[in-house]
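Structure first, commentary second.
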Amino acid sequence: MKKFILTLLLLAVSVGAQAQSVPLDTAYRKQINAFIDEWHDDAAHARMAYFDKIAPNGIYIGTDKTELWNREQFKAWAKRFFDRKSAWSFKATKRNVYMSADKKFIWFDELLDTQMGPCQASGVIRKTDKGFEIEHYQLSIAVPNEVADQVTKLVKEFESRPAQAKPAEGKPAAAKTVPKG
């Protein structure tokens with residue numbers, strides 16, 4: 001009888017714990033996803049509103065090791081792409097969204113379909129009185145483990161070439177470490 005009561009008690013606690021872990025507010029999650037999707041769409045259509053969605057001190061980290069920018073550096077580097085009808089096209093195929101208890105800080109990861117092939121990214125968004133702002137975004141090319149050795153070899157070969165033999169076009173104009181502040 002004691003085992004039966006203990007089992008019922010554990011079951012009740014388990015059901016209660018599951019009820020406590022309510023999924024995130026669906027409407028709020030939709031707002032967040034719409035904001036990120038719109039941000040990606042701004043780039044796809046070369047709309048300068050793309051940069052307005054990044055916090056003034058926001059950080060963008062691209063796929064190249066030199067690509068670490070604050071918003072204004074990123075905007076200057078990307079100008080040549082935004083002068084066209086389309087800068088780049090990222091479509092999320094999967095996204096996970098998480099947030100702080102007060103819903104002011106949101107972090108996410110996403111799998112992207114891009115012109116570079118599959119990419120992964122993660123970001124941090126802050127909710128302000130004016131709306132959402134991207135505080136930090138990091139993009140990476142998703143390299144399958146089966147070809148990682150080949151990619152690593154290519155990168156090592158590229159890095160070992162003299163500087164003048166490397167193409168300069170991919171190098172960001174203002175790629176420098178942003179001081180902490």
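Values below: all heavy atoms of this structure, side chains included; hydrogens, waters and symmetry mates excluded.
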- Item | Criterion side-chain contact (heavy atoms from CB on, under 4.5 Å) on Trp107 and Ile125, from CA distance to verdict | CA-CA 6 Å; Trp107 54 100; Ile125 298 171; over 6 Å; no
- Applying salt bridge (Lys or Arg N to Asp or Glu O under 4.0 Å) to Lys53 and not counting sequence neighbours gives Glu38, Asp42
- Query: Are Tyr28 and Val97 co-members of a hydrophobic cluster defined by side-chain heavy atoms under 4.5 Å apart?
  - Reply: yes
- Does a side-chain heavy-atom distance below 4.5 Å link Gln115 with Phe90? yes
- Could I get the full list of salt bridge (Lys or Arg N to Asp or Glu O under 4.0 Å) partners for Asp41, not counting sequence neighbours? Arg47
- Query: With sequence neighbours excluded, what pairs up with Lys65 under the side chain to side chain donor-acceptor pair (under 3.5 Å) test?
  - Reply: Glu159
- Query: Once you round to the nearest 0.5 Å, how far does CD of Gln120 lie from OG of Ser122?
  - Reply: 9.0 Å
- Here the salt bridge (charged side-chain N to carboxylate O under 4.0 Å, His left out) pairs for residues 99-109, sequence neighbours left out, are Asp25-Lys103
- Query: Where do Tyr50 and Trp88 land on the side-chain contact (heavy atoms from CB on, under 4.5 Å) test, with the steps shown first?
  - Reply: CA-CA 11 Å; Tyr50 178 85; Trp88 49 81; 3.7 Å; yes
- Message: Rounded at 0.5 Å granularity, tell me how far SG in Cys119 sits from CD1 in Ile141.
- Response: 5.5 Å
- Are any side-chain N or O atoms of Ser86 and backbone N or O atoms of Ala44, one a donor and one an acceptor, separated by less than 3.5 Å? yes
- Item | Atom pair OG/CG of Ser140 and Asp64 - distance to nearest 0.5 Å | 13.0 Å
- Quick one: CD1 on Ile32 to CD1 on Ile106, what's the gap to the nearest 0.5 Å? 4.0 Å
- Out of curiosity, Thr114 OG1 to His40 NE2, how far, rounded to the nearest 0.5 Å? 10.5 Å
- Task: Return the set of residues passing ring pair (Phe, Tyr, Trp, His ring centres under 6.0 Å) with Tyr60 (not counting sequence neighbours), or none when no residue passes.
- Result: Phe74, Tyr137
- Of Gln73, Lys75, Arg80, the one forming a side-chain contact (heavy atoms from CB on, under 4.5 Å) with Trp77 is Arg80
- Task: Could you tell me which residues satisfy ring pair (Phe, Tyr, Trp, His ring centres under 6.0 Å) with His136, sequence neighbours excluded, listed by chain and number?
- Result: none
- Item | Minimum-distance pair of heavy atoms, taken over all atoms of Gly62 and Trp69 | N-CZ3, 4.4 Å
- Note on the structure: Applying salt bridge (Lys or Arg N to Asp or Glu O under 4.0 Å) to Arg95 and not counting sequence neighbours gives Asp37, Glu110
- Item | By side-chain contact (heavy atoms from CB on, under 4.5 Å) - contacts of Ala46 (at least two apart) | Phe82
- Task: Mind checking side-chain contact (heavy atoms from CB on, under 4.5 Å) for Asp83 and listing every partner two or more places apart, or none if nothing turns up?
- Result: Lys79
- Considering residues at least two apart in sequence or located in another chain, which fulfil the side-chain contact (heavy atoms from CB on, under 4.5 Å) criterion with Arg126? Phe105, Thr128, Glu133, Glu135
- Message: Do Asn70 and Asn57 make a side-chain contact, defined as non-hydrogen atoms from C-beta onward lying under 4.5 Å apart?
- Response: no
- Query: Of all residues at least two apart in sequence or in a different chain, which pass the salt bridge (Lys or Arg N to Asp or Glu O under 4.0 Å) check with Lys30?
  - Reply: none
- Message: Same cluster or not: Met116 versus Leu111, using hydrophobic residues (I, L, V, M, F, W, Y) connected whenever any side-chain heavy atoms lie under 4.5 Å apart?
- Response: no
- Query: Which pairs with one or both residues in residues 145-157 pass side chain to side chain donor-acceptor pair (under 3.5 Å), sequence neighbours excluded?
  - Reply: none
- Between CD1 on residue Ile134 and CZ on residue Phe108, distance to nearest 0.5 Å: 5.5 Å
- Task: Would you please test Ile54 and Ile59 for side-chain contact (heavy atoms from CB on, under 4.5 Å) and show each step?
- Result: CA-CA 8 Å; Ile54 300 173; Ile59 299 297; over 6 Å; no
